[in-house]
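Worksheet for the structure shown next.
This structure is a prediction, so every number in the text was calculated from the model and none was measured.
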Amino acid sequence: MEQFAAGKVLRGRYRLDRVLGRGAMGHVWEGTDVDLERPVAVKTVASDLLALPDWRPTALARFEREAKATARLHHANITTVYDAAVTENVCCRGAASATAVRNPWHRRPNSSVRALRMR
């Protein structure tokens, strides 16, 4: 199974720089799109989940479903999915700028928040 570590380049494009967060399914990394020279957030599925034969198909299907659903969303408060890949050894998704993921308050508030502030 693929081991993720700082400095590793996934799919020949996304360099992992540091972990921004961890969850039950994997990690979100601050990274760099080396082709476009821009910061990105990259979500990876935990290697130990992929190594479990009984859990692997479920983890891959969930990751793919989440990537497709998120890619359909377009809003200032949601990170944009630029790329997603599920291969034999790697599950990764390149998202919007790492700054937006690291500090969501840098994003614009949605209209309902602005409306509440105006009261």
Side-chain angles (χ1 to χ4, degrees):
M1 280 304 114
E2 185 86 18
Q3 294 298 315
F4 304 113
K8 180 144 189 84
V9 177
L10 301 178
R11 301 186 63 228
R13 181 169 186 175
Y14 303 108
R15 186 183 67 234
L16 304 177
D17 296 328
R18 69 181 185 95
V19 174
L20 291 174
R22 292 179 167 87
M25 287 286 294
H27 300 84
V28 175
W29 293 81
E30 180 175 0
T32 303
D33 180 332
V34 295
D35 289 349
L36 299 177
E37 300 175 351
R38 66 178 173 185
V40 293
V42 177
K43 184 171 186 178
T44 59
V45 175
S47 300
D48 54 339
L49 287 179
L50 298 177
L52 299 171
D54 293 340
W55 181 250
R56 182 181 174 85
T58 303
L60 293 175
R62 182 175 172 183
F63 181 85
E64 188 171 13
R65 206 172 39 248
E66 181 184 289
K68 287 179 179 179
T70 307
R72 291 184 190 109
L73 303 174
H74 300 284
H75 190 276
N77 293 341
I78 300 172
T79 57
T80 303
V81 174
Y82 293 116
D83 189 12
V86 176
T87 65
E88 185 61 30
N89 295 319
V90 177
C91 293
C92 72
R93 184 169 78 217
S97 79
T99 302
V101 173
R102 186 174 51 245
N103 187 352
W105 301 112
H106 282 141
R107 292 182 254 163
R108 278 193 342 249
N110 65 33
S111 58
S112 61
V113 171
R114 282 196 300 269
L116 290 173
R117 287 186 188 154
M118 294 173 70
R119 289 183 158 188

Does a sphere of radius 6.0 Å around CZ in R13 hold more than 12 heavy atoms from other residues, nucleotides or ligands, not counting ones at 6.0 Å or beyond? yes
Can you name the closest pair of heavy atoms from A6 and D17 and give their distance? CB-O, 3.3 Å
Please list, chain by chain and in numerical order, all residues satisfying side-chain hydrogen bond (donor to acceptor under 3.5 Å, both in side chains) with R22, sequence neighbours excluded. H27
Inspect the contact between E64 and K68 and indicate whether a charged nitrogen and a carboxylate oxygen are less than 4.0 angstrom apart. yes
In Å, rounded to the nearest 0.5 Å, how long is the span from CH2 of W55 to CE of M25? 6.0 Å
Can you tell me how far apart NE2 (H74) and OG1 (T80) are? Round to the nearest 0.5 Å. 7.5 Å
Does K43 form a side-chain contact (heavy atoms from CB on, under 4.5 Å) with E66? I'd like the steps, not just the answer. CA-CA 11 Å; K43 184 171 186 178; E66 181 184 289; 2.5 Å; yes
In the structure I gave you, are the side-chain heavy atoms of L10 and L16 within less than 4.5 Å of one another anywhere? yes
So CG of D83 and CG of D33: to nearest 0.5 Å the spacing works out to 8.5 Å
Carefully, step by step, assess V9 and Y14 under the rule side-chain contact (heavy atoms from CB on, under 4.5 Å). CA-CA 5 Å; V9 177; Y14 303 108; 5.9 Å; no
I'd like to know whether R38 forms a side-chain contact (heavy atoms from CB on, under 4.5 Å) with Y82, so could you lay out the CA-CA distance, the side-chain angles of the two residues, the decisive distance to 0.1 Å, and finally the verdict. CA-CA 12 Å; R38 66 178 173 185; Y82 293 116; 3.8 Å; yes
What one should report as the nearest heavy-atom pair of G12 and D35 is O-OD1, 4.3 Å
Hphob cluster co-occupancy, V19 + V42, side-chain heavy atoms under 4.5 angstrom: yes
